[in-house]
Amino acid sequence: MALLWGIVLRVIQALLQGAPFILTGLCIAAVLDKLLGRVHTRRLFGSNSLSSLVQSWLIGMILPGCSLGVIPVCRQLRASGIAVGTIFAFALSSPLFDPLSILYGLTLSKPLSIMAFAACSLVVVMLSGGLFDKLFPGTELPVVEPPAPPPGAKRMLAIAVAMAREAVSGTALLVGIGLLGVGILAVLLPPGTLQNVLGHDNRAAPLLMTAVALPAYATPMTVMGQLGSMFQHGNSIGAAFVLLSFGAGMNLGLVAWMWLTYGWRKLAVWLVLMVAVVLAISYGIERPLYPADAEDAGHTHAFDRFCGPYGTGAVPAGGFAADVLHRIRMETLPHEWIGAGLLGVLMLAGAALRRCDPAGRVDAWLLRAPEKDRGVGRYDIVLPAPVLALACLGGIVAASVVGCYAYYPPPEVALEELSAANVEAVTSAISGDTKRAADWIPVCEGWNRRLVVGAYLRHGRVSDYHRAKSRLYQDRLEELEHAVEDGDPAAEVSRHALDASRAFRYLGAAFRSEPLD
Amino acid sequence: MNRRHVTLPIRVLVALALGSAGCGRSVAPREVEEPTHHRPAHHPGSLAAAPPAIRARAARLVAAPADAAAATAELRDILRWIPQLAADTELPRGAWDDVAALAARGSARLAAPGDPTALAADLAATADRLAAIVATLPPGTPAEEP
C-alpha cells in the first residue's frame with residue numbers, strides 16, 4: 001500500500017507542478033499551428049544547420065516550458081518538417097530555464113555556475129545536435145501548409161479548439177508516460193535513498209544522477225531549487241549539471257515520443273550522444289566550478305522528491321489518502337491549481353469535441369471565410385497571422401516575466417507571509433506537534449528564498465549582509481527539520497525552534513531596517 | 001572511491017530496467033544512515049568564541065611548527081565561518097561588513113604565509129579587531145553553542 005500511495009502522491013505532485021507548463025506548451029503549439037503556419041515556423045526555428053541549433057536553443061531559453069510542456073511543441077515542429085537535431089535542441093533547452101528559475105538562480109551564492117550551466121547547455125545542443133544531423137542527414141519533411149483560419153474571432157477560436165484537441169491527443173498519452181517515470185522512481189527508490197551519495201568526493205555522482213534524472217521529471221523551478229541546495233551542501237557540481245540537463249530537460253514521455261516518431265535506432269544514437277556529451281562536460285566542470293567556500297554537509301534533501309515518500313510498513317497517522325491530500329494541499333501553489341484547472345477544462349472540451357465531432361466539422365467551419373463581407377472599420381486593421389503569432393509568443397514571454405513579480409512579491413509582503421509561516425513552524429515544534437512543524441518548515445524555506453529573489457528583482461542586488469541573514473535562517477530551519485524528523489527529545493527540538501525564531505528575527509530586522517543594495 | 005558509490009548507479013539502472021519490465025522491487029532498503037549537519041570540532045560556535053579560537057591557532061603556528069598545517073587548515077575554516085557567525089548576532093550592517101572584510105583580509109593573509117611569526121602576529125591583530133567589534137554587541141548575544 002505504501003508503494004501504491006507513494007506513486008499516487010508523486011504523480012499528482014508532478015502533474016500539478018507541470019500543469020501550467022503543459023498548458024503553455026499547448027498554447028505555443030496551437031499558435032504555431034494556426035497562426036504562424038508551418039513554413040514560417042520552419043523559418044523561425046531554422047532546420048538542419050548549426051545556426052538552426054543556436055536559434056532553437058535561444059527560442060527554448062526564452063519561452064517558458066518544462067519537459068512535458070515541450071511535447072506538443074515538438075509534435076508541431078515535426079509537422080513543420082524541421083530536422084531532428086533542431087527539434088531535439090529545442091526540446092532539451094526549453095525546459096532548462098524560465099524567467100522564474102533564472103531569477104532564482106541568479107540569487108544563489110554562485111550565480112556564475114548557473115550562467116556556466118546555460119553556456120554548457122548550448123555546447124550540449126551544438127555538439128549532440130550537430131553530430132546527430134551529420135549522422136542522419138535529410139530528416140527534414142516536405143512541408144504541406146494546411147489552410148489557415150480567416151482573420152477575426154474564428155482565428156482565435158481555432159487556437160482554442162486546437163489546444164483542446166491536442167490536450168486529448170497523443171500528447172496526453174506521452175505526458176502520462178512522462179509522469180509514469182516519476183511513479184517508477186517512487187517505487188524503485190525508497191525514501192532518502194539519494195541523500196548521501198551525491199557528494200563532491202563521489203566520482204560516480206554524475207553517473208548516478210544520469211540514471212535517476214533520465215526517468216525523473218522536474219520543472220525548471222524545482223531543479224533550480226535543487227541546484228541551490230546542491231551548491232549550498234557541497235554536492236557534486238557535475239551531478240548538478242546532469243540534473244539540469246536530464247532531470248529538467250528529459251522525461252520518459254519525451255523519450256517515448258522520440259522512439260515512436262523516429263524509431264529506436266535514432267533514439268539510441270541521440271541518447272548515447274547526449275549522455276556522452278553531458279557526462280564529459282559534467283566531469284570537466286566538477287573541479288573548476290566547485291565553490292571554494294562550499295560546506296560539505298555530507299547529505300542532501302534535494303532529491304527526496306525523486307524517491308518514494310513512504311517507507312515500507314509505515315502508515316501515516318490518519319491513513320494514506322488523508323496524508324496525500326494534506327501534502328498536496330500544503331505544497332501546491334495557486335498558479336499550479338489554476339493551471340491544472342484550465343488544463344482539466346481543456347481536456348473536457350477536447351474529449352467532448354472528440355466524441356461529438358469526430359469528423360472535424362467544427363474545424364472545417366472555423367476554416368470557412370464569412371460568406372458576407374461585412375466590411376471593416378477604418379481602424380480595424382487585419383493583421384497577418386504570423387505577426388499575431390509572434391505577438392502571442394512575445395505575450396507568453398512577457399506574461400512569464402510579469403508572473404515573476406507576482407511569484408516573488410516585495411520584501412515586506414514576503415516577510416509578512418514568512419512571519420505567519422514561522423510562527424506556525426516554531427510554535428508547532430515547541431508544542432510537540434512535529435507533524436505540523438514538518439509541514440510548515442518547507443513553507444518557511446520557500447518564503448525565505450522568495451524574500452531574497454523578490455528583493456533582487458526590485459533592487460537589482462541584494463547585499464551580502466542580507467544574504468547571510470537568509471542563509472542563517474535557512475540553516476536553522478534545516479537543523480530544526482532534522483530534529484523534528486529524527487524524533488529528537490522535546491528539549492532539543494525546542495532549542496532548534498528558538499534558534500530558528502531568533503534567526504528569523506535577525507532576518508526581518510535586516511530586511512526592514514537596512515538598505516538592500 | 002567508495003565501492004558502494006561505484007555500484008549504486010549500476011544497481012539503479014538495472015533496477016529501472018527490471019522495474020519497467022514489471023519485475024517488481026529490486027533496490028535493497030537503504031542502510032540506516034542518519035543525515036546530520038556535521039559541525040567540525042574546531043567550529044567556534046559563536047562570533048564571541050572566534051577571536052580566542054584564532055589566537056590559539058595563531059599561537060600554534062609559532063609554537064608547534066609540526067602542527068602548522070593543521071592549524072592553518074583550521075584557521076582557514078574559522079575565517080570562512082566568521083561572516084555566518086556574525087549573521088547570528090545583532091550586529092548592524094556596517095559592523096557586519098567590517099567583520100566580513102576582516103575575515104576576508106585574514107583569509108588572504110593566511111594564503112600568503114611567509115614568516116610564521118609575522119603571520120601569527122597579523123592574525124592575532126585580526127582577532128583583536130574582531131574582539132573589539134564583538135564587545136559592542138548587547139549583552140545576551142549567544143556566546144557559545146550549548
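Please read all numbers here as calculations on a predicted model, not as lab measurements. Convention: sequence-line order gives letters A, B, ...; per-chain numbering from 1.
With a 4.5 angstrom heavy-atom cutoff, B:Leu85 does not touch chain A via any of its atoms. With a threshold of 4.5 angstrom between heavy atoms, B:Ala100 does not approach chain A through any atom at all.
Residue A:Arg287 places its CZ atom among 12 or fewer non-hydrogen atoms of other residues, nucleotides or ligands, all under 6.0 Å distant.
Residues that satisfy the ring-ring contact (aromatic ring centres under 6.0 Å, His included) test with B:His42, not counting sequence neighbours, are B:Trp81. For A:His466, the ring-ring contact (aromatic ring centres under 6.0 Å, His included) partners two or more places apart in sequence, or in a different chain, are A:Phe511.
Top candidate by heavy-atom pairs under 4.5 Å with chain B, chosen from A:Ala483, A:Ala509, A:Pro515, is A:Pro515.
Contact between A:Tyr465 and B:Leu91 at its shortest, heavy atoms only, is OH-O, 3.2 Å.
Checking A:Arg502, A:Lys469, A:Arg505, A:Arg471 one by one against B:Asp88, the salt bridge (charged side-chain N to carboxylate O under 4.0 Å, His left out) holds for a single residue, A:Arg502.
Between the side chain of B:Gln84 and the backbone N or O of A:Ala468 there is at least one donor-acceptor pair closer than 3.5 Å.
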